Amino acid sequence: QVQLVESGGGLVQAGGSLRLSCAASGRAFSTYTMAWFRQAPGKEREFVADIRSSGGVTNYADSVKGRFTISRDNAKNTAYLQMNSLKPEDTAVYYCAASRIVAVTTTGYRYWGQGTQVTVSS
């Protein structure tokens, strides 16, 4: 069982940056693939990025590649999403998720946080 709590969301102007954090409680955080998804109003939840358990392999959606960076600190049981060059279309609720497998779909993730709102103004 893993509990996830996101933080770091907020309102930012286009071109700005935010850093999201996902604090995990429970056992064996270092064995989970961690991911970020987002959901804009009226749209389905979509994959943003994931990072393997060791932290050595990452994967990004094309829409955020080169602007977002996912990372993790296994000693702190925390995953991060650094978001730079933010655009209005990045506005969404951002969710942290954990899985024992590697996946880019919501069905591949068993554990989810409550989400944090990111709003990018133009």
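As the structure is a prediction and not an experimental result, all values here were calculated from the model.
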Inset, instruction - Please report the closest heavy-atom contact between C22 and M34, naming both atoms and the distance. - result: SG-CE, 4.0 Å

Inset, instruction - May I ask you to check whether Y109 and Y95 place their ring centres under 6.0 Å from each other? - result: no

Legend entry - L4 side chain near Q114 side chain, heavy-atom distance below 4.5 Å: no

Legend entry - Under 3.5 Å: donor-acceptor pair, side chain of R19, backbone of Q82: no

Inset, instruction - Output the distance between atom CD (Q1) and atom CZ (R27), rounded to the nearest 0.5 Å. - result: 12.0 Å

Inset, instruction - Tell me whether the guanidinium CZ or amine NZ of R72 lies under 6.0 angstrom from the six-membered ring centre of F29 and within 45° of its axis. - result: yes

Inset, instruction - Output the distance between atom OG (S122) and atom CD (Q13), rounded to the nearest 0.5 Å. - result: 9.5 Å

Legend entry - Main-chain N/O of T105 paired with T107 side-chain donor or acceptor, under 3.5 Å: no

Inset, instruction - Determine whether S30 and S53 make a side-chain contact, defined as any pair of heavy atoms from C-beta on separated by less than 4.5 Å. - result: no

Inset, instruction - State, with a plain yes or no, whether a side-chain heavy atom of L81 is found less than 4.5 Å away from one of T69. - result: no

Inset, instruction - Flag yes if V93 and V120 sit in one hydrophobic cluster, no otherwise; membership is Ile, Leu, Val, Met, Phe, Trp, Tyr, and two members link when side-chain heavy atoms are under 4.5 Å apart. - result: no

Inset, instruction - For T78 and D73, test the side chains for any donor-to-acceptor distance below 3.5 angstrom and give the result as yes or no. - result: no

Legend entry - Heavy-atom donor-acceptor pair, T119 side chain to L11 backbone, under 3.5 Å: no

Inset, instruction - Please examine the side chains of V48 and F68, heavy atoms only from C-beta on, and report whether any two atoms are closer than 4.5 Å. - result: yes

Inset, instruction - Would you confirm whether Y60, through its side chain, and I70, through its main-chain N or O, come within 3.5 Å as a donor-acceptor pair? - result: yes

Inset, instruction - Decide if the gap between the ring center of W112 and the ring center of F37 is smaller than 6.0 angstrom. - result: yes

Legend entry - Same apolar cluster (I L V M F W Y, side chains within < 4.5 Å links), Y32/V104: no

Inset, instruction - Look at the side-chain heavy atoms of Ile, Leu, Val, Met, Phe, Trp and Tyr, link any pair under 4.5 Å apart, and say whether Y80 and V64 land in one connected group. - result: no

Legend entry - Residue pair M83, Y94: steps toward the side-chain contact (heavy atoms from CB on, under 4.5 Å) verdict: CA-CA 11 Å; M83 305 185 295; Y94 283 71; 3.9 Å; yes

Legend entry - Shortest non-hydrogen contact between G108 and S99, atoms and distance: O-OG, 2.7 Å

Inset, instruction - Please report the shortest heavy-atom distance between A40 and T91, naming the atom on each side. - result: CB-O, 3.7 Å

Legend entry - Beyond-backbone contact of W36 with F47, side-chain heavy atoms, under 4.5 angstrom: no

Legend entry - Non-hydrogen side-chain atoms of D50 and T58 separated by less than 4.5 Å: no

Legend entry - Electrostatic pair K65:D62 at N-O distance under 4.0 angstrom: yes

Inset, instruction - Check whether any side-chain N or O of D90 sits under 3.5 Å from a backbone N or O of V118 as a donor-acceptor pair, and report yes or no. - result: no

Legend entry - Distance-only polar pair, side chains of S25 and Q3, donor-acceptor under 3.5 Å: yes

Inset, instruction - Mind listing the closest non-hydrogen atom pair of A92 and R38 along with its distance? - result: CB-CB, 3.8 Å

Inset, instruction - Evaluate the side-chain proximity of N59 to V102: yes if any heavy-atom separation is below 4.5 Å, no if none is. - result: no

Inset, instruction - Check whether any side-chain N or O of E6 sits under 3.5 Å from a backbone N or O of C96 as a donor-acceptor pair, and report yes or no. - result: yes

Legend entry - Student check: side-chain heavy atoms of I101 and T33 closer than 4.5 Å: no

